[in-house]
Amino acid sequence: MSGLVPRSRADVLDELAVILDSVRDTADPARIEAAAHAAARRVPSVYLDSAEVCRRIVDAAPEAEGKELRAIEKAAKRGYRHGALSLEIAALTPVSKLAEAFEYEERKAYKRREQQINRELADEGNDRPPLVSHLMDWTGLLAQPDPEWVLEGVIPESGTVIFYGPSGIGKSFVAQSVAAAVAGGYDWLGRPTSQGKVLYVFAEGASGAGKRFQALSDAWNKGEPLAGLSVLPIAPDMTSDADVSELEALNAEHDFAVIIFDTLNRVAGSAEENSATAMSGVLSSIERIRRAGSRTTSIIVSHAGKNGDLRGSTALWAAADTVLELSGEPEHLKLEARKQKDAPEGIVGHLRLKPSSRHETLIVEGVAPGQGTPSGAVSARVEESLAHFVRSFGETGATRTQFVDLLVELGVAKKSTAFTYVNDLVKLGRLDAARQGTRGTYLTLPTRTTFPIPSKEN
């Protein structure tokens, strides 16, 4: 017991203050969870119960609201629960090394910020113009030119675009068709493009890339070579300063109109996709590469999550000028602008993938709304899912998680696909969804409105 010292309430609160200081500048759920985990191990419940500890951690984090606030609250509760399970807290514990650990992390973060500042200053030189030189008055503000577009009304010049959809739906085919149109200088599904050089980063491998682009050239460009197209067939690491610097120099030399990163997950290196801090670092690297060109737009191909929304940290959505979603199935696709800074949001167009007439691959074709020919397989699975809901839960209903688990257990679909089927049923109005506190989303069959049948006397 010689290594143990009594800890008073004041000692405990001092240690908690150190933990709270670690989250005052971040809303990253991973950091919140780590802080709550540490607090559960360091703060005996005889002094502060779990609810009070979690409340203090949430209050210490930067102000948030909506989804971000709920994510912080969940992270705090989850971290505390795991910390409490990992250690039975005693009134006598070793002297804490927590402050030293947090100080070490802060020093590392400060060093990274210092390196970034030094790199920016070195790049811009000693004659970097002062910020006030960019100041505009009212006349200058009104004289600003209208936004320029790489793809009219859809993809802006000098912007960041996130393009996402479910796995296997055809995102790469669509992204490659945009790359070919810009490099070749021809319209993309009726929309004009601004011709320029394109760099396509095949982070998931370039097997079959030549065949795909040759098919696009045959279909849209009379088989002429796409001279403005360059391909990188390996995955650069956006957490590696060496890789980022190399791509930055490449863009400075070639001044690409568009750089497409396919996919985000493969270029993010070891960065955790659900961490706002980690994803902000990856996006900063992509932005650094983008800014090396005079009008470069970066297009980042990513995946949809289990609920059909953009997967990963909310930092992705926040950093994007444009967010495009691809939904449906290969023969019946819908491209929708979910976020646009300088143009209306909404449906961009309907398309489908069809076999190339000369090559063993697929090409993108625009179609009128309703002209696509869905396979029917997905619709059948959705209807099957609804039938299982009616048989198993009837008028009582069930939580979303219970329904998904049932579909997985019955072999209807894997978990991620089951979530998609459930979301489709809600979107179609076949099921009603409502939040019910800590139970999550509760699903029920829609209420059918009935009217009395008039009697013969009436």
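Along the sequence shown, residues carry numbers from 1.
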(request) Answer whether the closest heavy-atom distance between the side chains of Leu250 and Leu232 falls below 4.5 Å. (result) no
(message) If you define the side chain from C-beta out and look only at heavy atoms, does anything of Asp187 sit under 4.5 Å from Pro192?
(response) yes
(message) Is it true that, when you exclude Arg55 itself, more than 12 heavy atoms of the residues, nucleotides or ligands shown sit nearer than 6.0 Å to its CZ?
(response) yes
(request) Could you check Lys341, Arg290, Lys339 and say which one makes a salt bridge (charged side-chain N to carboxylate O under 4.0 Å, His left out) with Asp321? (result) Lys341
(message) Before you tell me yes or no, could you show the steps for Leu199 and Lys197 under side-chain contact (heavy atoms from CB on, under 4.5 Å), namely the whole-Å CA-CA distance, both residues' side-chain angles and the distance that decides it to 0.1 Å?
(response) CA-CA 7 Å; Leu199 173 62; Lys197 295 181 179 179; over 6 Å; no
(message) As an exercise, state the distance from NE2 of His388 to CD of Glu409, rounded to the nearest 0.5 Å.
(response) 11.0 Å
(request) Indicate whether any N or O donor in one side chain lies under 3.5 Å from an N or O acceptor in the other, for Asn423 and Arg400. (result) yes
(request) Return yes if some donor-acceptor pair links the side-chain N/O of Ser217 with the main-chain N/O of Gln214 below 3.5 Å, else return no. (result) no
(request) Enter the distance from Glu365:CD to His350:NE2 here, rounded to the nearest 0.5 Å. (result) 14.5 Å
(request) Compute whether any side-chain donor of one residue and acceptor of the other, for His303 and Asn265, lie under 3.5 angstrom apart. (result) no
(request) For the residue pair Phe403 and Leu431, establish whether any side-chain heavy-atom pair is separated by less than 4.5 Å. (result) yes
(message) Here's a test for you: under side-chain contact (heavy atoms from CB on, under 4.5 Å), which of Glu336, Arg191, Gln340 qualifies with Val348?
(response) Arg191
(message) One thing to verify: whether Lys222 and Glu224 come together as a salt bridge, which I'm taking to mean a side-chain N less than 4.0 angstrom from a carboxylate O.
(response) no
(request) State, to 0.1 Å, how close Ile363 and Ala219 come at their nearest heavy-atom pair, and which atoms those are. (result) CD1-CB, 3.7 Å
(message) For a quick test of reading the model, state the closest non-hydrogen atom pair linking Ala319 to Thr160 and the distance between them.
(response) O-CB, 4.2 Å
(request) Would you check if the side chain of Asn251 reaches a backbone N or O of Phe256 as a donor-acceptor pair within less than 3.5 Å? (result) yes
(request) Quick one: closest heavy-atom pair of Lys334 and Ile347, and the distance? (result) CD-CD1, 3.8 Å
(request) Look up atom OG1 in Thr322 and atom CG in Leu151, then write down how far apart they are to the nearest 0.5 Å. (result) 10.0 Å
(request) Find the distance between NE2 (His359) and CG (Asp218) and round it off to the nearest 0.5 Å. (result) 4.0 Å
(request) Without swapping roles, check the side chain of Asp255 against the backbone of Ser294 for a donor-acceptor pair under 3.5 Å. (result) yes
(request) Using the six-membered ring of Phe173, assess whether NZ or CZ of Arg212 lies under 6.0 Å from its centre and within 45 degrees of the ring axis. (result) yes
(request) With rounding to the nearest 0.5 Å, note down the distance linking OG in Ser285 to CG in Leu247. (result) 10.0 Å
(message) For Glu395, I'd like to know if atom CD has over 12 heavy atoms of other residues, nucleotides or ligands within 6.0 Å.
(response) no
(request) Please lay out, stage by stage, how Phe389 and Val422 fare under the test side-chain contact (heavy atoms from CB on, under 4.5 Å). (result) CA-CA 10 Å; Phe389 184 92; Val422 174; over 6 Å; no
(request) Answer yes or no: is there a side-chain heavy-atom contact under 4.5 Å between Leu264 and Leu316? (result) yes
(message) Could you tell me if the side chain of Lys354 sits less than 4.5 Å from the side chain of Leu362, heavy atoms only?
(response) no
(request) Taking all heavy atoms of Phe163 and all of Ile299, pick out the closest pair and write down the distance. (result) CB-CG2, 4.3 Å
(request) Evaluate the side-chain proximity of Leu333 to Arg352: yes if any heavy-atom separation is below 4.5 Å, no if none is. (result) no
(request) Starting at CD of Glu345, measure out to CG of Leu324 and round the result to the nearest 0.5 Å. (result) 10.5 Å
(request) Give the C-alpha distance, both sets of side-chain angles, the deciding distance and a yes or no for side-chain contact (heavy atoms from CB on, under 4.5 Å) between Tyr164 and Val323. (result) CA-CA 8 Å; Tyr164 78 97; Val323 178; 3.6 Å; yes
(message) Can you tell me if Glu246 has over 12 outside heavy atoms packed within less than 6.0 Å of its CD?
(response) no
(request) Please determine if Arg70 and Glu73 form a salt bridge, counting it only when a charged side-chain N lies under 4.0 Å from a carboxylate O. (result) no
(request) Look at the side chain of Tyr200 and the backbone N and O of Leu229, then say whether any donor-acceptor pair between them is shorter than 3.5 Å. (result) no
(request) Classify the side-chain pair Ser275/Arg31 by whether it contains a donor and acceptor separated by less than 3.5 Å. (result) no
(message) Regarding Arg24 and Asp21, does a basic nitrogen lie under 4.0 Å from an acidic carboxylate oxygen?
(response) yes
(request) Consider only side-chain N and O atoms of Trp149 and Ser194, and report whether a donor and an acceptor are under 3.5 Å apart. (result) no
(message) Would the distance check show the side chain of Ser245 and the main-chain N or O of Ala242 forming a donor-acceptor pair, the cut-off being under 3.5 Å?
(response) no
(message) Under a 3.5 Å distance rule, please check whether Thr297 uses its side chain to pair with a backbone N or O of Gly159 as donor and acceptor.
(response) yes
(request) Check the pair Thr314 / Lys67 against side-chain contact (heavy atoms from CB on, under 4.5 Å), numbers first and verdict last. (result) CA-CA 9 Å; Thr314 54; Lys67 289 184 178 179; 5.8 Å; no
(message) I'd like to know if the side chain of Thr263 pairs up with that of Glu204 as donor and acceptor (distance under 3.5 Å, no hydrogens or angles considered).
(response) yes
(request) Write down the atom of Tyr80, the atom of Ala40, and the distance for their closest heavy-atom approach. (result) O-CB, 3.3 Å
(request) Would you name the heavy atoms of Ser356 and Ala215 that are closest together and state the gap between them? (result) OG-CB, 3.7 Å
(message) I want to check something: taking the side chain as every heavy atom from C-beta on, are Tyr421 and Glu384 in contact at a cut-off of under 4.5 Å?
(response) no
(message) Any non-hydrogen side-chain atom of Arg42 less than 4.5 Å from a side-chain atom of Val18?
(response) no
